[in-house]
There are 2 protein chains.
Amino acid sequence: MSSEVTIPPVSKRQATRSRILEAASEIVQESGANGLSLDAVAAKAGVSKGGLLYHFPSKSKLLTAAVESFVLDYEAQLMSCEATHGESEHPLSHAFLDLFLQDCRCNRKPPSGILAALAEDPSFLDPVRQHERLILQRLKDDLGDADLASLIYFTIAGLKSSHLLDLNVVPDEDARRVAERLRGLIVAKG
Amino acid sequence: MSSEVTIPPVSKRQATRSRILEAASEIVQESGANGLSLDAVAAKAGVSKGGLLYHFPSKSKLLTAAVESFVLDYEAQLMSCEATHGESEHPLSHAFLDLFLQDCRCNRKPPSGILAALAEDPSFLDPVRQHERLILQRLKDDLGDADLASLIYFTIAGLKSSHLLDLNVVPDEDARRVAERLRGLIVAKG
DNA sequence: CCAACTGTACCGTCTGGACGGTAATGTCAA
DNA sequence: TTGACATTACCGTCCAGACGGTACAGTTGG
C-alpha cells in the first residue's frame, strides 16, 4: 500500500533538509552569522559538503529556504492556534499571544536563520517584511482597533527581538507576564 | 605640562574614527553584515586600508568600537533628554519616549554596526545586553510600576527592532502614534 | 618633528562551489 | 525473473578568489 499512517509525512529528503536547516540555525546562535559556512553546516548536520549542496545547491538557496520555512512554520502555527479560538472574539489576537507564550514555555530557540539571511543580504528578508506587515494588518482587522493592535504587535515584537538578539533583558517569566497583560487589554476591549 | 591627553573632543583623529564607523554602518545597511570587509570600509570612508588599520588595528576592534559608541551615544542622548524634564514626574520615561520620537523625526539611521558585531561574534553584544537591562531597571524605578515599564520598554524595543531589521512594518508616523499612546499611559499613571 | 595618513606588495587561511564519484533504491521491458 | 537503466541521496577533493592582517616606505599638514 502506498498510504501510510505515519502522521509526519516526512520523506527522507525532508528530514535531512530540516536537519540541515536546524544545524544552520544552531551555528548562527553559537558563533554568529559569520560562522555559518557550508563546511560548518555540513559537519553539524552530519552530512558531507557534497550532500549539503545536493539539498541546497548554493548558500543563497539555503538561506532562502531558512527564511521561507520560518515564515511558513509561523503561519501554520498561528492558524493552528487560531482554530482553538473558534467562536470567541478576536481569535487571531488571542492566537498571536498564545503562540508567543507557547514559544516561551517550550524554550523555543530563536529563528537565527533570519539573522544569517540578513547578514548575507538584507533583501533575503523580503518575505518576512511582507508577512509581518500582513500580520499587523490582520491584527488590526481582528481587533477593530488599530492602535491597540499596533501596541500588541510591537510589544510582542520587542520581546521577540530581545530573544532573537539574545539580549536576555528579562527572564521568560516576565515576558509571559507582559504578554498576559496584553491579553487583558484584548479582553477589556470586549 | 599640558599632560592632558584626552581633552580635545573634536580632534582630527575622532573625526576620522567616526567617519569610519559611519561608513561601516552604511555598508551593513546596504549589503548586510557579510559585506563589511576592511577594504569596503576603507573605500567607503575615503581612507586607505593602512589608514583604517591605523585607527582600528583589527576588525574586532572596529566592531567593539561600534558597539561601544552606540551605547555611549544613546546614553548621552538619554541623559540630555532627561535633563529637559527636570521637575516633572517620571523624567526618564518621558526622555525614553522623547529620544525614540526624536530618532523617528530626524530619520536616524539604525545602528547597523550592532548587526555586524552580532554577525561576527554574539559576545560582542555584551555591553548592549548590560545596558538594556539597566535601562529597563531604570524605567521601572522611574515609574514605580514594573509592568508598565516593561510594556513601554518592549513596545519601543519592537519599534526599534523593526527599524533595525528594516522590516518597514509601519510608516514612521504610525510609530510615533504608538509612542504617543505610551506617553498617555505614563501621564494617566500620574 | 610627528601624527595622520597613503600606497603597494604580500601572505596564509577560509570559503563557496564545481565536479566526479558511489551506493542504494526504484522502474520497467522482455 | 531478470537484466538494464534511472533516480535519489549522498561523499570527498580541488580550486580560484576573497579576506584579514602585516610590513614598510613615502607624504603632508600643522
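Convention: sequence-line order gives letters A, B, ...; per-chain numbering from 1.
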Under 4.0 angstrom between H55(A) side-chain N/O and dA9(D) OP1 or OP2: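 No.
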
T16(A) side-chain N/O to dC10(D) phosphate OP1/OP2 under 4.0 Å: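 Answer yes for this pair, as a side-chain N or O of T16(A) is under 4.0 Å from OP1 or OP2.
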
Find the distance [X]:[atom1] to [N]:[atom2] and express it as a whole number of Å.
| X | N | atom1 | atom2 | answer |
| --- | --- | --- | --- | --- |
| D39(A) | dG12(D) | CG | P | 13 Å |
| R17(A) | dA9(D) | CZ | C1' | 13 Å |
| K61(A) | dG17(C) | NZ | P | 10 Å |
| L52(A) | dG12(D) | CG | P | 14 Å |

Return the nearest nucleotide to the side chain of [X]; candidates are [options].
| X | options | result |
| --- | --- | --- |
| R13(B) | dG17(C), dA4(C), dT6(C) | dA4(C) |
| Y54(B) | dA9(D), dC11(D), dA3(C) | dA3(C) |
| S37(B) | dC11(D), dG16(C), dG20(D) | dG20(D) |
| L38(B) | dC10(D), dG7(C), dG20(D) | dG20(D) |
| S48(A) | dG12(D), dG7(C), dG21(D) | dG12(D) |

Any N/O donor-acceptor pair, K49(B) side-chain to dG7(C) base, under 3.5 Å: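 Such a pair does not exist between side chain and base.
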
Side chain K59(A) and base dG17(C) donor-acceptor under 3.5 Å: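 It does not, because no donor-acceptor pair links the side chain of K59(A) to the base of dG17(C) below 3.5 Å.
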
Ring pair (Phe, Tyr, Trp, His ring centres under 6.0 Å) partners of residues 13-58 of chain A, not counting sequence neighbours, each pair once: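 Every candidate ring pair (Phe, Tyr, Trp, His ring centres under 6.0 Å) pair involving residues 13-58 of chain A fails, so no pair, neighbours aside, qualifies.
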
Counting the atoms with a prime plus P, OP1 and OP2 as sugar-phosphate, which does [X] contact under 4.0 Å by heavy atoms, base, sugar-phosphate, or nothing?
| X | answer |
| --- | --- |
| L53(B) | base |
| G46(B) | sugar-phosphate |
| L36(B) | sugar-phosphate |

Y74(A) and H131(A) aromatic ring geometry - parallel, tilted or perpendicular at 30°/60° bounds: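 The rings of H131(A) and Y74(A) stand perpendicular, inter-plane angle above 60°.
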
Heavy-atom side-chain proximity of E22(A) to K44(A) below 4.5 angstrom: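 With C-beta onward as the side chain, the pair stays apart.
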
4.5 Å side-chain heavy-atom contact, V178(B) and D147(A):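 Side-chain contact under 4.5 Å: no.
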
Distance-only side-chain donor-acceptor flag, D39(B) / S37(B), under 3.5 Å: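 D39(B) vs S37(B): no donor-acceptor pair found between side chains.
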
